[in-house]
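Just below is one structure, and these are the notes that go with it.
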2 protein chains.
Amino acid sequence: MMTELKEKLAENKTLSRVERERFIAMFKAMGNPIRYEMMEYMLKFPGCNTTNIVDHLPIAQATVSQHLKVLKESGLVSGELEGPATCYCLNDENVNWFKETVQKIF
Amino acid sequence: MMTELKEKLAENKTLSRVERERFIAMFKAMGNPIRYEMMEYMLKFPGCNTTNIVDHLPIAQATVSQHLKVLKESGLVSGELEGPATCYCLNDENVNWFKETVQKIF
DNA sequence: CTTATATATCGTAAATATACGATATATGTT
DNA sequence: AACATATATCGTATATTTACGATATATAAG
């Protein structure tokens, strides 16, 4: 019974309104060269902080922070406080959901 | 020898500058609700024309045409002349490249 | 060759995104 | 408590995107 349901869900190509919005927000978040670069950087250096990212990019700290907010809001990235700094990582669960959904939808 | 090379390429997580730009352009193209809807529509109705898409969406023909241009330029969509109309389809080759690249990169 | 149909492009207004400096907030240190 | 460090937010200028009506282009039909 449980397995059947799982299979049904796996085959279902439609997303709920909320899922769809999140899916589109993820595309939008990655559709910017700076944010794409940030994603790559976090993939390479999981747990890096804002300063690391700022040092790696040619843009101001305020702008980095703004882009991080977009990535966080899309769900692709998680930030957790570590003393006065914030450590950033890809949100594996959500990145995997994105990957699975890309395979499922198209 | 050939197999080895293929495996090496399959494992390689880096993209050329051009591939990377195309990858980002595809994210950007799909990161808009109207264009995402268009992609879904073309998936459901391959070979549909601009009029079909215009009738399906709440926006003007000129705007649809503009969005189609973005999708075409990203490579996700192909349009081919059929009389006075243009038939649109997902570009399977490029969509598959996108799907593979998503799996490879993240 | 005129007309009808389908699509693309142009010019432009309005909305949104991007980027920055200045400043606020929040944590750890002395 | 005062200070230093790390990050977020605010206000704002500029760039880009989105959307539209008007118009151009291109094909098929009469």
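Proteins come first, then strands; the chains are lettered A, B, ... in the order of their sequence lines, and each starts at number 1.
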Review point. Reading nucleotides 15-20 of chain D 5' to 3', which nucleotides get B (base under 4.0 Å from a protein heavy atom), which S (sugar-phosphate only), which -?
Key: --SBBB

Review point. Taking the inter-plane angle between the rings of B:Tyr36 and A:Phe106 on a 0 to 90° scale, is it parallel (under 30°), tilted (30 to 60°) or perpendicular (over 60°)?
Key: perpendicular

Check your understanding: Between C:dT27 atom P and A:Glu80 atom CD, what is the distance in whole Å?
Key -> 14 Å

Check your understanding: Sub-3.5 Å donor-acceptor pair from the side chain of B:Asn91 to the main-chain atoms of B:Leu76, do we have one?
Key -> no

Exercise for review: Nearest 0.5 Å please: distance from the NE2 atom of B:His67 over to the CE atom of B:Met39.
Suggested key: 14.0 Å

Exercise for review: Report the distance from atom CD of A:Glu73 to atom P of C:dA17, rounded to the nearest whole Å.
Suggested key: 11 Å

Practice item. Check whether the ring centres of A:Tyr88 and A:Tyr41 lie less than 6.0 Å apart, and answer yes or no. Key: no

Practice item. Output yes when at least one side-chain N/O atom of A:Thr51 is less than 4.0 Å from OP1 or OP2 of D:dT5, else no. Key: no

Check your understanding: Quick one: A:Met30 CE to C:dA17 P, roughly how many Å, whole number?
Key -> 17 Å

Review point. Would a 4.5 Å heavy-atom cut-off, applied to side chains only, mark B:Glu19 and B:Trp97 as touching?
Key: yes

Exercise for review: Hey, could you give me each pair passing salt bridge (charged side-chain N to carboxylate O under 4.0 Å, His left out) that has a residue in residues 34-50 of chain B? Not counting sequence neighbours.
Suggested key: A:Arg20-B:Glu37, A:Arg20-B:Glu40

Practice item. Please state whether the phosphate of D:dA6, meaning OP1 or OP2, lies under 4.0 angstrom from any side-chain nitrogen or oxygen of A:Tyr88. Key: no

Exercise for review: May I ask you to decide if A:Thr86's main-chain N or O and A:Asn49's side chain share a donor-acceptor pair within less than 3.5 Å?
Suggested key: no

Practice item. Please check the phosphate of C:dT7 (OP1 and OP2 only) for any side-chain N or O of B:Lys69 closer than 4.0 Å. Key: no

Review point. If you group Ile, Leu, Val, Met, Phe, Trp and Tyr by side-chain heavy-atom gaps below 4.5 Å, do B:Leu90 and B:Val70 land in one group?
Key: no

Polar atoms only, N or O, under 3.5 Å: list the protein pairs with nucleotides 24-30 of chain D and their distances.
none

Review point. If only side-chain N and O atoms of A:Ser65 are considered, is one of them under 4.0 Å from the OP1 or OP2 phosphate oxygen of D:dT9?
Key: no

**Study point:** Backbone N/O of A:Cys48 and side chain of A:Asn52: donor-acceptor pair under 3.5 Å
**Key:** no

**Study point:** Of the listed nucleotides C:dA8, D:dA6, D:dA8, the one nearest the side chain of A:Ala85
**Key:** D:dA6

